[in-house]
Amino acid sequence: MLTTAFGPVAPYYDLLMSKVPYDMWVDYYRLLLATHGQRPNSFLDVCCGTGTVAEMLAQQGHDVAGIDISAPMIERAKASAAGRGYPIEYQVADARDFELGRTFDAAFSFFDSLNYIADSAGLSRAIKCVADHVRPGGSFIFDLNTAYAFEAKLFDQRDLRPRSKIRYKWVGDYDPATRLIRVNMDFWVNDAHFNELHVQRAHPEREVVDYLYRSGFSSIYTYNSYTLDPVRPKSDRIHFVAIK
C-alpha cells in the first residue's frame, strides 16, 4: 500500500540518513550565520525530523525547539533527546500554521524540507509563520531543491545491496508545468517491504525571496549551497539567508 511521506520510514529514518554529513551541514550553517553577523543562542528547527541537528546545537549549550508535521518523527526526536538529557522542546506542528508562544534568535529548516510544501500559498504561509517566531535582527536560513535538481533526476536513487541494513529504490516523475515531482520510494528492511510517496515543488527563487520580504525580513541573500557563491543556472540546491 502506498503511503504519504515520513510514516513507515520514520523508525528507519536515522539509519537511512546515517551517511549524511551532519557536521558539514552545521558547520555551513554556522558559516552563514557568521557571514551575516549573527550570533544566536536560541534556535527553532522547522521540520526537524528526528532532531539530529537540534541535538547538535543543544549539545553546544543552545536553547533549541523543533517542530515537525510527522508525529512518528517527533516521537523519535523526543525519545532521543530524553535519552541524552537534552531539554529540547518538540511539538507536532504544521509549518504553515503553528504558534509556540515565543520567539527565537534564529530559525532554520534543512534537507529540502520546505520543498514538501507543494504549493506557493502554503510556502508563503509557512514563511510568515516562521517570521512571526523570529526576533527583530534574527535570521531564518533554509535550503530548497531547484527545478534543475528534479530535471536532472537527482531523486532517482537506489541501494539494493544485499548487505545494506535498509535497501531502497526511488524513482521521480517531474512535471515542469506544475513544478511538482512525485517520488515513488520503495524500502526493504530484512524481509519487510514498504512504500512511500514523496511530493515536492521546485519553488522559484524570486517567488521565495518575495515571500520573505513580504513576511518582514529586510535583507535576503541566496547562495549556491555549501558555498558563498551566487546561485548558478545549474545549482541543484539553494540556501536562503533572511535577516529580519
Side-chain angles (χ1 to χ4, degrees), residues 1-10 12-21 25 45-50 53 67-70 72-73 94-97 108-127 129-130 140-160 166-188 193-212 222-227 231-240:
M1 179 180 179
L2 190 66
T3 59
T4 53
F6 304 113
V9 79
Y12 311 105
Y13 181 78
D14 290 329
L15 179 61
L16 186 67
M17 299 284 281
S18 61
K19 294 183 180 179
V20 170
W25 274 78
D45 187 346
V46 181
C47 308
C48 62
T50 56
V53 174
I67 65 164
D68 200 284
I69 199 170
S70 169
M73 300 284 269
D94 188 330
R96 296 166 295 186
D97 182 20
F108 64 90
S109 186
F110 292 158
F111 310 114
D112 48 85
S113 296
L114 296 183
N115 285 105
Y116 282 92
I117 300 176
D119 63 282
S120 56
L123 182 64
S124 177
R125 291 198 305 272
I127 288 174
C129 208
V130 173
F140 180 29
I141 297 179
F142 59 96
D143 66 277
L144 289 172
N145 282 330
T146 65
Y148 173 77
F150 299 159
E151 293 163 353
K153 297 186 178 296
L154 298 186
F155 252 121
D156 288 11
Q157 300 180 28
R158 65 174 63 195
D159 181 355
L160 299 175
I166 181 168
R167 288 164 289 142
Y168 56 86
K169 180 182 178 182
W170 303 346
V171 179
D173 180 18
Y174 179 55
D175 180 0
T178 62
R179 302 181 70 90
L180 294 176
I181 188 168
R182 298 167 63 87
V183 186
N184 187 29
M185 296 185 172
D186 284 291
F187 299 92
W188 293 266
H193 166 260
F194 57 91
N195 181 287
E196 293 192 353
L197 176 65
H198 288 227
V199 179
Q200 290 195 359
R201 181 173 188 259
H203 299 283
E205 179 184 358
R206 290 184 180 180
E207 184 178 282
V208 178
V209 169
D210 180 56
Y211 296 156
L212 289 164
T222 59
Y223 297 99
N224 182 49
S225 287
Y226 320 120
T227 75
V231 176
R232 305 188 303 251
K234 291 189 176 181
S235 292
D236 55 51
R237 187 185 298 270
I238 298 173
H239 267 76
F240 294 79

Please enumerate all residues that pass side chain to side chain donor-acceptor pair (under 3.5 Å) together with Asp119, with sequence neighbours excluded.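 Checked Asp119 against side chain to side chain donor-acceptor pair (under 3.5 Å); zero matches.
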
With sequence neighbours excluded, what pairs up with Thr178 under the side chain to side chain donor-acceptor pair (under 3.5 Å) test?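 With sequence neighbours excluded, Thr178 shows a side chain to side chain donor-acceptor pair (under 3.5 Å) to Asp175, given in chain and number order.
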
Please determine which of Glu205, His239, Arg206 meets the side chain to side chain donor-acceptor pair (under 3.5 Å) test together with Thr222.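 With Thr222 as partner, side chain to side chain donor-acceptor pair (under 3.5 Å) holds for just one option, Glu205.
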
With respect to Asp186, which candidate in His193, Arg158, Arg167 satisfies the side chain to side chain donor-acceptor pair (under 3.5 Å) definition?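 For Asp186, the side chain to side chain donor-acceptor pair (under 3.5 Å) check succeeds only for His193.
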
So how far is it from [X] [atom1] to [Y] [atom2], rounded to the nearest 0.5 Å?
X	Y	atom1	atom2	result
Phe108	Phe140	CZ	CZ	10.0 Å
Glu151	Lys234	CD	NZ	10.5 Å
Tyr223	Phe240	OH	CZ	12.5 Å
Tyr148	Ile238	OH	CD1	13.0 Å
Thr50	Asp14	OG1	CG	3.5 Å
Ile181	Asn145	CD1	CG	8.5 Å

So do [Y] and [X] actually touch side chain to side chain, heavy atoms under 4.5 Å?
X	Y	result
Tyr168	Met185	no
Asp45	Phe110	no
Lys169	Trp188	yes

So, does [X] use its side chain to make a donor-acceptor pair with the main chain of [Y] at under 3.5 Å?
X	Y	answer
Asp94	Ile69	no
Thr146	Ser235	yes
Ser225	Arg237	yes
Asn115	Leu144	no
Arg179	Ala202	yes

Please list, chain by chain and in numerical order, all residues satisfying salt bridge (Lys or Arg N to Asp or Glu O under 4.0 Å) with Asp159, sequence neighbours excluded. Arg161

Sequence-distant partners of Glu207, salt bridge (Lys or Arg N to Asp or Glu O under 4.0 Å), two or more places apart: Arg201

Check [X] against [Y] and note the closest heavy-atom contact, atom names and distance.
X	Y	answer
Leu114	Ser109	CG-OG, 3.7 Å
Phe111	Asp143	N-OD1, 2.9 Å
Phe155	Trp170	O-CB, 3.4 Å
Arg182	Val199	CG-CG2, 4.1 Å

Which one of Val9, Val183, Asn184 satisfies the side-chain contact (heavy atoms from CB on, under 4.5 Å) criterion with Glu196?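 Running side-chain contact (heavy atoms from CB on, under 4.5 Å) over Val9, Val183, Asn184 with Glu196 returns exactly one hit, Val9.
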
In a table with atom names and distances, give each donor-acceptor pair under 3.5 Å that connects a side chain of residues 120-127 to protein atoms at least two apart or in another chain.
none

Using side chain to side chain contact (heavy atoms under 4.5 Å, CB included) as the criterion, list what pairs up with Ile166, not counting sequence neighbours. Tyr12, Leu15, Leu16, Phe187, Val189

